[in-house]
Structure formats: structure tokens, C-alpha cells
Number of protein chains: 2
Amino acid sequence: MKKRLSIKDIAQQLNISITTVSFILNGKAKEKRISNLVTDRVLRLVEELDYKPNQIARSLRTGKSKIICLMVEDISNAFFSSIARQIEENAFDQGYKIIYCSTENKPEKTRELIKMFRERNIDGYIISPPEGIKEDIQSLLDDKIPVVLFDRLIPGLLTNYVMIDNFDATVNGVKHLIDQGYLNIAFITLDSQQTQMKDRLDGYNQVIKEHNLNSYVHKVNYASPYNQHVSSIASYINEHPIIDAVLFSTNYLATRGIDAINTINLKIPADISAVAFDDLDFFKLYQPTITAISQPVEEISKKLIDIILKKLESNLEENDPSEVILPTQLIVRNSSCRN
Amino acid sequence: MKKRLSIKDIAQQLNISITTVSFILNGKAKEKRISNLVTDRVLRLVEELDYKPNQIARSLRTGKSKIICLMVEDISNAFFSSIARQIEENAFDQGYKIIYCSTENKPEKTRELIKMFRERNIDGYIISPPEGIKEDIQSLLDDKIPVVLFDRLIPGLLTNYVMIDNFDATVNGVKHLIDQGYLNIAFITLDSQQTQMKDRLDGYNQVIKEHNLNSYVHKVNYASPYNQHVSSIASYINEHPIIDAVLFSTNYLATRGIDAINTINLKIPADISAVAFDDLDFFKLYQPTITAISQPVEEISKKLIDIILKKLESNLEENDPSEVILPTQLIVRNSSCRN
DNA sequence: TAAAATGGCTAAAACCTTTTAGCTAATTAA
DNA sequence: TTAATTAGCTAAAAGGTTTTAGCCATTTTA
């Protein structure tokens, strides 16, 4: 194993100083009045020897890493993994690397992760935050480390975010069901205080109230396993046989809900109608196809990376936070149309 | 923004040397004969001030990072994202961090990623390698950096791996279909030379030959988009109406294949039977439920992390590579049983 | 012609650790 | 009583950058 090249080697081979090489490699040749002759020589040798600066050393000196951290609730959720893929792709070109991790919605784990990343000079954070980490995020902001939130906000925290219009999303979903003639519409959601969940619930409540319908809200525990969700939803629907349509507030609640509906031998949409959140491949493919509230994954990713890169590159201390709210799209399919 | 604490601050506050503090923090107090008195004082102060060593500086000095890289084909594929989740969880406890990335099966991208990680002193690699990066992996091995491959091998490369028995997997799948009375069994796969794909094909061929059946192998281009796969599969099935069963060699080929079968208005299993690779939630839930070859995701993850940690901790230069081959399980469901 | 500005480069500090080699004082062995 | 060992600690180098402050020679300005 040969020793790795260092900037010193380059300097020595050309009989010039380390400083000069560093200036040239950092594009400061002109600014620092290094002659073209020397500049060319250096660049040529660097190319020839395929010298790459040691990023660790660089990071130690500069406090930067050219790495952005993407913290999502669960990397194995299709919504989040699509976002991850898209963001990675975009950042790569810009010279930034992305590292992802799953918070599992646990504040302690999230806190640990942030701590660890701070020790490693991560430049910026894109986060779908769990509840209870307001202080940790605030502390990042206090240290002028760019943060962009997505999927949900932290109330009372002034920072960049990219959201969807959750309220509007469920409003459309419920209205659609009402248009189709359903009158006893259930809303299956999580026992969570997260903003996106509240907004989705509010949207449901609003329309139900407007139309003087009965409200059927069932909340399941976020942390419970697959089967418990299935049986909880199955029981709820069983106990309220009048329910003729269901709106699910997340993609996995929808798949679990469909499982539940199958379990109790109801047919979609003949016996009960269904609308899901997020447009998974599954929903396009399932028979009947499932009506879904589709989030603009590509746009979300693009906005996220745009914002974080802008903040990273601009050293303007106090530019206003970027606040983006994107619309969702209701994709009507068979699961919500009885005829 | 207060300046971050450094080891120097600790040393100064206690009027002792940096060296002493470092020894204590690295658990070498006994070995280096530091008195209990001093040791306790240091630990107390470190605790009190919540001092964390700067990992960048540490990494610069030691050449280690306590980070393992997990390179998968596509992080948004459920198989890979489950593996990612499990590995992350396991590593966390052991003091290692995981960073993931997607290779998209592109050798150039993979090469770039490896290069970048090497610049950052990543300690070890868990990789589902694309074709054409043998040299890059070999170069890691030459530098004594632990690598564990999974999902597929690189022929002629001697290193650790965790595989499943792909040959056996398709053998079981095809045999099951034959048992069910199907005689014109198609195999839909990729135009790929990757070992796992070859093995799956070999398994199919073997059984087909043994039973003197006609072979129907259709290969689609890996890089093509969703819709092109769907139409390619649909055409193939349409052109071979005699086909009464299909075995898909990956999870996404199966979902796309189901889409294709729907498109051409065939019914599963009445018109055509189906067996998928990987046991996605989708396959359990779809109506009819889809027979699937299930990979032991949990075991794979566990083995992967065990092996890499063992290699990282043991400085025994040349211990034999760990070679693990796990069995798959055929989960029979409705999609492959006509009656 | 002297003073100021510019061009072209560099020495050394700083970033924060780990680790080697070694020092002094106290204890033990001979 | 002297030599060797041990206990308890530390100075300084090393790891590879970036960046500040500044040097010397040449050119421009006054």
C-alpha cells in the first residue's frame, strides 16, 4: 500500500510552496497573483498524478464537509426513499454529498444523530422532524447551520421548509367522496401531534362539518407493528358498519387499511370506498386501483435541494427563510367510485 | 456561537497535559498508568461540560472514521431499503455509523462514490456491486479495507460475501409451478450478467430441461423505465399465448409484470399463473395474493453487519473471507394455484 | 530619484486529535 | 547503597489542509 499523495508531494516535485499549490487548487490563482506558468504546471502535475486533496484535513481546517444530511422518518417508506433518491442525484452534481438516516420518529435517536453529525461538520440538514426536537434544531440554527424541514413543521420554529398543502389535500379527498355519494366517511390516522397529521385531520373535519356529516375518526398508535394496525383498523370498521368510505392519512395506513378491509371480507368499492395518501405503485396496480392523494415528490425534492444549496452558498447571514407549500393532486381511481 | 470545546480546554482547566486527557478518554488510563484520581477528575469534567472529541481531527490522525458505507443498487427498492434499515440499527449500537447510497448499477457512479468515500476514510464497505467495478473493489482489498458483497458476487474476486441460494430459489419456484400442473412456464428477467441473475436463470433452465419443457425466457433492459418494461412484458406474453405461468426474477419485474398482465386483460391465476422474487408487502396484499420467493432480509442484514464488524475489529491481516449462502423460502399464495 | 504600488510567491500558524519517546520521582531488587 | 524497575505524567511530532501576514523584486507614480 503506497502512501497517499499529499499536497506536499506536489509542491516538492515542482519546487514551490504548499501555499501556492493550495491557492491554485482552490481556484484562487488569479486572486493571489500566481503566474499562469506555475498554475499550469501545478494543474498538469495534479492531473497526471491524480492527486485528490484529503477531505478530512480540509474539513478539519475549514469546518466544512460538503455533506448534507437527509434525516427522514423511515428510509424504507417509499415516499421518503424516492425523495432520498432524487435529492442525492441533484446534490451530486453540485459537489455535495448526501447521507441519509432514519429517525423512526424518535426524538432521542434523532438527537443522537444530530449530535454525531455535528461532530463531523455536516454542512446542512434536510429533516422530516419527529416531535420534541425543537431545541436541537434551534441550536443548529443558532450556529448558522442551514436547516430545511419537510413533510412537517415544528410549530414556533422560524426556518426554511417545503410542505404540501395537507389541509387542502384531505379537503379534496373528502369532497370527492361526498361527490361520489358517500355520507359516512371515516378518517384513519395516527395518534400524532405532528403538523402534517393535524392539518390532514383539520381538512377532514372542516368538510365533514360543512356538510353536516357524522365524523368517524380513528387514530392508531404510530409505533405499533403492522398487524396491530391491521386489526385495530379492522375492528374500528367492523364496529361502525355504517361507514361507507375511508380516507387514510398515510401511505402505510392505507395499505394496512386495505389489508384490514380484506380481512373482514368487505369489498372495495362495493362495500366500502377508499382513498389513500401518497401515490404508491401499489395503488396504481392493486385491483381495484386505489384513489390517492399524490404528493409532488419530484418538486419537493427539487425545492429542498435548491433551498439548502442556496443557503449554503450564500453567506448572507440573515436572509429570510424560504417557505414553500406545494399542492397535492387527487388521482381518482376505481376504489372510490361505486359505479 | 460559542467556540467548541477542545481537549485543550479540558486539560487546561485541570492543569494537566492534553496527552493525559486523551489517554483517559481512549480508555488507556490503566495501561498508561494514570492515577484514579486524575482519571476521575477528567471523566467528571468531560461529563459536566459535555465535551465530545472532534471526530474530524481524530479521523485525520487515526485514518479511521467509525463509518461503514452501504452501497446498494437502489435505495428506493423495498428489498434494499429494508436491508439498510436493519443494518443501520445494528451498527448504531456498536458505535459505527452507516451511510448509504445508490449505485443505480452504474459502474462510473459507483467508482466516483468509492473514490469520494476513500477520501473520507470510510472504514468498511457493504456493497451490492454493479458489473465492471472489480478493479475498484480489488483496490480496496489491497489496501486492507474490509468489503462485504451481497446480493451478487464479482466473479474471480476473493472476498467476504453474503448471498442467497439463487439457483435453488428459482428451482423451487419452477418446480412448484410444475407441481401445480403448469407446463409452459416463462421466466422474465434482466439482460444482465450479474451473478444473481445468471444463477436464477440457471435454476430455471435446469428444471425446464429436466422436465423436457419448452423454455420461455424474456430479458428486458435494466435501464428502461417502468412503462417500457410493462409493454415489453405485455408484448412477450401476448406473442406467446401458450404461456400459462410466469416466474419473475426481481421484485420490480414482478410488479411490472402484474401490471402488464392486467393491461392485456389476463386474469391471475385463471389465465396465467405468477411467482415473484422477494416478498414485498404488495404481494401479500394484492388480490390474488402473489406467490413469492422470500429472501431472509433480517438474516442477511445480520450476517453482513457481523462480518464487517468482525473484519474491522480484528487486525489479523489475512483471515479467510467469510462466505455465507442463505436459503430462500417459497411462500405459496393464490397467484400460482388455479384451483 | 524617492516613494508607493504591484506582482509573485512563501513561512508558519491554525484546525484538534493521537501517539511516540521520554522525563522525574518513588519504589523495589541486588 | 546502588542499580533497576515502576508509577505517573508530558512535550512534541504527526496527520494534511487553508489562510494570514509578509517578503522581495519589479514597476508605476509623484
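By convention in this document, chain letters (A, B, ...) are assigned in the order of the sequence lines, proteins followed by strands, and residues within each chain are numbered from 1.
What separates CD1 of B:Ile7 from P of D:dA11 is a distance of 13 Å, to the nearest Å. One can place CD1 of B:Ile24 at 12 Å from P of C:dT18, the figure rounded to the nearest angstrom. Rounding to whole angstrom units, CZ of residue B:Phe23 and P of D:dC9 are separated by 12 Å. Between the P atom of C:dC15 and the CG atom of A:Asn121 lies a distance of 13 Å, rounded to the nearest Å. Summarising the geometry, the separation between NZ on A:Lys66 and C1' on D:dT18 is reported as 14 Å, rounded to the nearest angstrom. One atom, CD of A:Glu119, and another, P of C:dC15, lie 19 Å apart when rounded to the nearest Å. Taking atom NZ of residue A:Lys8 and atom P of nucleotide D:dT17, one finds them 11 Å apart after rounding to whole Å. Between B:Asn26 atom CG and C:dT17 atom C1' the separation is 9 Å, expressed in whole Å.
Terminal axes of the helix from C:dT1-D:dA30 to C:dA30-D:dT1 (five pairs each, C1' rotation axis) are separated by 50°, to the nearest 10°.
At a cut-off of 3.5 Å, with distance as the only test, a side-chain donor of B:Asp142 or B:Gln138 sits close to an acceptor on the other residue. Looking at A:Asn77 and A:Glu73, their side chains never bring a donor and an acceptor atom within 3.5 Å of each other.
With sequence neighbours left out, A:Tyr125 forms a ring pair (Phe, Tyr, Trp, His ring centres under 6.0 Å) with no residue at all. Take A:Gln196 and apply the side-chain contact (heavy atoms from CB on, under 4.5 Å) test, not counting sequence neighbours, and it matches A:Asp151, A:Arg152, A:Asn166, A:Gln194, A:Arg200. Listed by chain and number, the residues in a salt bridge (Lys or Arg N to Asp or Glu O under 4.0 Å) with A:Arg44 amount to none (sequence neighbours excluded). Residues satisfying the salt bridge (Lys or Arg N to Asp or Glu O under 4.0 Å) test with A:Lys134, not counting sequence neighbours, are none. The salt bridge (Lys or Arg N to Asp or Glu O under 4.0 Å) check on A:Lys97 picks up nothing, with sequence neighbours excluded. The ring pair (Phe, Tyr, Trp, His ring centres under 6.0 Å) test applied to A:Tyr161 returns no partner, not counting sequence neighbours.
Only B:Ile16, B:Ser17, B:Thr19, B:Thr20, listed by number, bring a heavy atom of residues 11-22 of chain B to less than 4.0 angstrom from any atom of DNA chain D. Within residues 38-58 of chain A, the residues having any heavy atom closer than 4.0 Å to DNA chain C are, in order of number, A:Val38. Proximity of residues 27-36 of chain A to DNA chain C (heavy atom under 4.0 angstrom from any strand atom) is restricted to A:Lys32, A:Arg33, A:Ile34, A:Ser35.
A donor-acceptor pair is defined here as one N or O able to donate and one able to accept, closer than 3.5 Å; such a pair exists between the side chain of A:Thr195 and the backbone of A:Leu153.
Here A:Lys106 does not pair with A:Glu108 in a salt bridge; the nearest charged N to carboxylate O distance is not below 4.0 Å.
For A:Arg61 and D:dT18, a side-chain-to-base donor-acceptor distance below 3.5 Å is present, hydrogens and geometry of angles not being considered.
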Mind listing the side-chain donor-acceptor pairs of residues 20-36 of chain A below 3.5 Å, one per line with the distance, residues two or more places apart or on another chain?
| from | atom 1 | to | atom 2 | distance (Å) |
| --- | --- | --- | --- | --- |
| A:Thr20 | OG1 | A:Ser17 | OG | 3.0 |
| A:Ser22 | OG | A:Asn26 | ND2 | 3.4 |
| A:Asn26 | ND2 | A:Ser22 | O | 2.9 |
| A:Lys30 | NZ | A:Asn36 | OD1 | 3.3 |
| A:Ser35 | OG | A:Val38 | N | 3.3 |

Please tabulate, one pair per line, all N/O donor-acceptor pairs under 3.5 Å involving side-chain atoms of residues 56-68 of chain A, not counting sequence neighbours.
| from | atom 1 | to | atom 2 | distance (Å) |
| --- | --- | --- | --- | --- |
| A:Ser59 | OG | A:Lys64 | O | 2.7 |
| A:Ser59 | OG | A:Asn121 | ND2 | 3.4 |
| A:Thr62 | OG1 | A:Arg58 | O | 2.9 |
| A:Thr62 | OG1 | A:Lys64 | N | 3.1 |
| A:Ser65 | OG | A:Ile67 | N | 3.2 |
| A:Ser65 | OG | A:Asn121 | O | 2.6 |
| A:Ser65 | OG | A:Asp123 | OD1 | 3.3 |

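For A:Pro296 against A:Leu326, the heavy-atom pair with the smallest separation is CG-CB, 4.0 Å.
The environment of NZ in B:Lys109 is crowded: more than 12 heavy-atom neighbours from other residues, nucleotides or ligands sit within 6.0 Å.
For A:Leu60, taking side-chain heavy atoms from C-beta onward, the closest of the listed nucleotides D:dT17, D:dT18, C:dC16 is C:dC16.
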